[in-house]
Participant: 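The structure follows.
FYI, the numbering just counts along the sequence from 1. Each ligand, and each atom within it, is numbered from 1 in the order the structure gives. This one's a predicted model, so the numbers in the text were calculated from it and none came from an experiment. Just so you know, these numbers use all the heavy atoms, side chains as well, and skip hydrogens, waters and symmetry mates.
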Amino acid sequence: MQKIRVDLADRSYSIAIGNECLKDIGSILEKFDFSNRMAIVSNPLIFDLYGKTVSVSIKDSGFELSEIIIPDGEGYKSLLWVENIYSEMLKAKLDRKSVLIALGGGVIGDITGFAASTYMRGIDFVQIPTTLLAQVDSSVGGKTGVNHMLGKNMIGAFWQPRTVWIDIDTLRTLPRREFLSGLAEVIKYGVIYDEEFFGFLEKNRDVILELDKDALTHIIRRSCEIKAEVVSKDERESGLRAILNYGHTVGHAIETITGYKKYFHGEAVAIGMHIEAKLSQSQGFISTNHVNRIKKLIESYDLPVEMPEDIELNSLFEVMQIDKKTVSGELKFILPEKIGSVKIHKGISRENINKVLKSK
Ligand code: NAD
Ligand code: GLY
């Protein structure tokens with residue numbers, strides 16, 4: 001197992017990355033001070049694939065485990081389903097020292113973390129992420145929450161997991177489009193933080209897409225290391241952590257306007273990363289050569305880079321204004337200065353943004 005530490009004083013934890021390691025989770029949980037009663041939250045698809053291995057391992061370690069299965073899909077990341085999870089937790093008599101285990105992608109991780117953060121004023125939770133996006137992004141850093149009718153991820157809490165247990169073998173059953181979408185976040189880490197890692201992604205495209213174990217372990221490990229470093233310095237996003245949102249100002253707006261149907265999250269972020277790199281170029285912050293390298297790398301992983309033709313720029317602008325990063329109506333962008341380094345920038349005129357959005 002490879003281990004990375006997220007340094008957050010008394011809320012520090014480790015992220016472990018291995019292959020075919022779901023069967024070991026029971027013995028890992030034994031090392032904590034959890035009570036004997038615990039529950040796992042998952043959806044039917046993931047539970048069918050991996051639930052048995054995880055449950056057997058936990059029960060073999062002597063714990064009493066309840067299974068809480070919610071339907072699959074972003075639409076169920078809601079307060080209504082949190083309420084359902086609370087009911088199951090109460091019925092199972094989970095106590096203050098119980099742990100909630102999230103087995104699944106970002107949807108399961110976010111809702112489980114949020115339920116844990118509020119049940120009996122907060123109990124522990126553990127992440128077992130099974131999508132690439134969850135392994136490199138959502139399971140690390142403690143952002144938990146659910147959607148509201150009027151906005152995605154608008155209700156939530158910072159609540160760190162006690163540990164993150166990653167089995168790269170779970171990626172073998174992940175649909176290819178989900179895998180590619182997760183790769184957008186991996187590329188993001190290269191652009192914002194690490195030119196050498198960006199180079200690795202350029203050179204190793206084929207082995208990564210073939211799910212080579214060493215290549216997968218490396219990209220997940222490096223992504224988690226970067227996220228851990230950023231989160232350790234700025235857990236609650238008062239500054240630095242915002243760099244993790246590179247590509248997301250434009251990406252979120254595209255997702256909203258297209259009703260979360262046309263693009264997966266990573267695909268919208270991929271377009272966003274290219275547009276925001278061009279925005280940076282328009283301000284004279286980054287060279288054309290670096291923008292082209294970013295575009296080429298994104299395209300090489302079969303991800304989109306161009307703004308969809310049918311998007312109305314005025315609506316895009318309006319939606320960007322309600323981004324969580326926007327304060328007092330001033331749009332905030334994360335702009336690359338070169339590969340491996342970004343800056344947080346405010347105050348680009350609407351005219352300038354429109355010019356870049358229209359350009360090919
Ligand atoms: P997801 O959780 O919906 O999973 C995608 C699909 O893959 C689902 O149908 C799921 O059942 C299936 N699946 C999961 N693992 C599988 C496996 N191993 N094999 C086969 N199928 C599998 O989507 P996601 O992309 O993992 O997460 C998206 C969510 O994450 C969004 O709600 C987003 O807001 C959230 N998110 C949170 C953070 C954070 O910091 N908390 C960061 C980024 C995204
Ligand atoms: N996904 C962005 C963050 O965790 O801050």
Participant: Any nitrogen or oxygen of Ile46, side chain or backbone, less than 3.5 Å from one on ligand 1?
Facilitator: no
Participant: Go through ligand 1 atom by atom and flag the ones less than 4.0 Å from a non-hydrogen atom of Tyr50.
Facilitator: 18 (N)
Participant: Would you verify that at least one protein heavy atom lies under 4.0 Å from atom 14 (C) of ligand 1, or report that none does?
Facilitator: yes
Participant: Can you check whether Tyr189 reaches Asp194 side chain to side chain, under 4.5 Å on heavy atoms?
Facilitator: no
Participant: Count the heavy atoms of every other residue, nucleotide or ligand shown that sit under 6.0 Å from NZ of Lys296, and state whether that count exceeds 12.
Facilitator: no
Participant: Could you see which bit of Lys152 sits under 4.0 Å from ligand 1, with heavy atoms only: side chain, backbone, both or neither?
Facilitator: side chain
Participant: Give me the residue, atom name and distance of the protein heavy atom closest to atom 43 (C) of ligand 1.
Facilitator: Asp137 OD2, 3.5 Å
Participant: What part of Glu185, side chain, backbone, both or neither, has a heavy atom within less than 4.0 angstrom of ligand 1?
Facilitator: neither
Participant: Heavy-atom distances under 4.0 Å decide this one: backbone, side chain, both or neither, for Thr144 against ligand 1?
Facilitator: neither
Participant: Nearest protein heavy atom to atom 24 (P) of ligand 1, by residue and atom, and its distance?
Facilitator: Gly106 N, 3.5 Å
Participant: Heavy-atom pairs closer than 4.0 Å: do any link ligand 2 to the side chain of Lys227, the backbone, both, or neither?
Facilitator: side chain
Participant: Show me, pair by pair, the donor-acceptor contacts under 3.5 angstrom made by side chains of residues 98-115, not counting sequence neighbours?
Facilitator:
from, atom 1, to, atom 2, distance (Å)
Ser98, OG, Ser35, OG, 3.3
Ser98, OG, Arg37, O, 2.8
Ser98, OG, Asp95, N, 2.8
Ser98, OG, Asp95, O, 3.4
Ser98, OG, Asp95, OD1, 3.3
Asp110, OD2, Lys77, NZ, 2.9
Thr112, OG1, Ile108, O, 2.6

Participant: Give, for atom CG of Asp24 and atom OG of Ser57, the distance between the pair rounded to the nearest 0.5 Å.
Facilitator: 6.5 Å
Participant: Taking non-hydrogen atoms only, is Asn153 closer than 4.0 angstrom to ligand 1 via side chain, backbone, both or neither?
Facilitator: side chain
Participant: Starting from atom 9 (O) of ligand 1, find the nearest protein heavy-atom neighbour and note its residue, name and distance.
Facilitator: Asp72 OD2, 2.8 Å
Participant: For atom 28 (C) of ligand 1, what's the nearest protein heavy atom and its distance?
Facilitator: Leu133 CD2, 3.9 Å
Participant: Could you tell me, atom by atom, which parts of ligand 1 come under 4.0 Å of a heavy atom of Gly105?
Facilitator: 2 (O), 26 (O)
Participant: I'd like to check which ligand 1 atoms, numbered from 1 as shown, lie under 4.0 Å from a non-hydrogen atom of Lys227.
Facilitator: 40 (O)
Participant: Which bit of Leu171 gets closer than 4.0 Å to ligand 1, counting heavy atoms only: side chain, backbone, both or neither?
Facilitator: neither
Participant: Whether Glu318 and Arg350 form a salt bridge (side-chain N of Lys/Arg under 4.0 Å from carboxylate O of Asp/Glu) is what I want to check.
Facilitator: yes
Participant: Heavy atoms only, cut-off 4.0 Å: how does Thr130 contact ligand 1, side chain, backbone, both, or neither?
Facilitator: both
Participant: Which protein non-hydrogen atom lies closest to atom 19 (N) of ligand 1, naming both residue and atom, and how far is it?
Facilitator: Thr173 OG1, 2.7 Å
Participant: Any idea which part of Leu45 is under 4.0 Å from ligand 1, heavy-atom wise: side chain, backbone, both or neither?
Facilitator: side chain
Participant: Applying a heavy-atom cut-off of 4.0 Å, say which part of Phe264 lies close to ligand 1: side chain, backbone, both or neither.
Facilitator: neither
Participant: Under a 4.0 Å threshold between the charged nitrogen and the carboxylate oxygen, would Arg221 count as salt-bridged to Glu225?
Facilitator: yes
Participant: Got a salt bridge between Glu202 and Arg293, using NZ or NE/NH1/NH2 to carboxylate O under 4.0 Å?
Facilitator: yes
Participant: Using a strict 4.0 Å cut-off to heavy atoms of Thr131, name the atoms of ligand 1 that fall inside it.
Facilitator: 4 (O), 14 (C), 15 (N), 24 (P), 26 (O)
Participant: Below 4.0 Å from ligand 1: does a non-hydrogen atom of His265 turn up there or not?
Facilitator: no
Participant: Quick one: does ligand 1 sit under 4.0 Å from the side chain of Gln135, the backbone, both or neither, non-hydrogen atoms only?
Facilitator: neither
Participant: Identify, for atom 6 (C) of ligand 1, the protein heavy atom at the shortest distance, and state residue, atom and that distance.
Facilitator: Glu178 OE2, 3.4 Å
Participant: Among protein heavy atoms, which sits nearest to atom 22 (C) of ligand 1, and what does the distance come to when rounded to 0.1 Å?
Facilitator: Leu174 CD1, 3.7 Å
Participant: Any idea which atoms of ligand 1 are less than 4.0 Å away from a heavy-atom of Thr170?
Facilitator: 17 (C), 18 (N)
Participant: Please determine whether a side-chain nitrogen of the Lys or Arg among Arg177 and Glu267 lies less than 4.0 Å from a carboxylate oxygen of the Asp or Glu.
Facilitator: yes
Participant: Taking everything shown except Arg5 itself, do over 12 heavy atoms lie less than 6.0 Å from its CZ?
Facilitator: yes
Participant: Ile286 and side chain to side chain contact (heavy atoms under 4.5 Å, CB included): which single residue from Val342, Leu335, Ile294 fits?
Facilitator: Ile294
Participant: Thinking salt bridges, do Asp124 and Lys97 make one under a 4.0 Å N-O criterion?
Facilitator: no
Participant: Do Ser42 and Tyr50 pair up side chain to side chain, a donor and an acceptor below 3.5 Å, judged on atom types alone?
Facilitator: no
Participant: Is the shortest side-chain N to carboxylate O distance from Glu235 to Arg11 below 4.0 Å?
Facilitator: yes
Participant: Run the salt-bridge test on Lys358 and Glu306 with the 4.0 Å N-O cut-off and return the result as yes or no.
Facilitator: no
Participant: Specify the protein heavy atom at minimum distance from atom 31 (C) of ligand 1: its residue, its atom name, and the distance to 0.1 Å.
Facilitator: Glu74 OE1, 3.2 Å
Participant: As an exercise, identify every atom of ligand 1 less than 4.0 angstrom from a heavy atom of Leu49.
Facilitator: 19 (N), 20 (C)
Participant: For Val107, take its heavy atoms, then give the atoms of ligand 1 lying under 4.0 Å from any of them.
Facilitator: 1 (P), 2 (O), 3 (O), 27 (O), 29 (C), 32 (O)
Participant: Taking NZ, NE, NH1 and NH2 as the nitrogens, is one of them in Glu88 or Lys91 under 4.0 Å from a carboxylate oxygen of the other?
Facilitator: yes
Participant: Please compare Val230, Asn245, Asp137 and report which has the shortest non-hydrogen distance to atom 1 (N) of ligand 2.
Facilitator: Asp137
Participant: Between Glu74 and His265, does any side-chain donor sit less than 3.5 Å from a side-chain acceptor?
Facilitator: no
Participant: Above 12 or not: heavy atoms from other molecules or residues under 6.0 Å from NZ of Lys52?
Facilitator: no
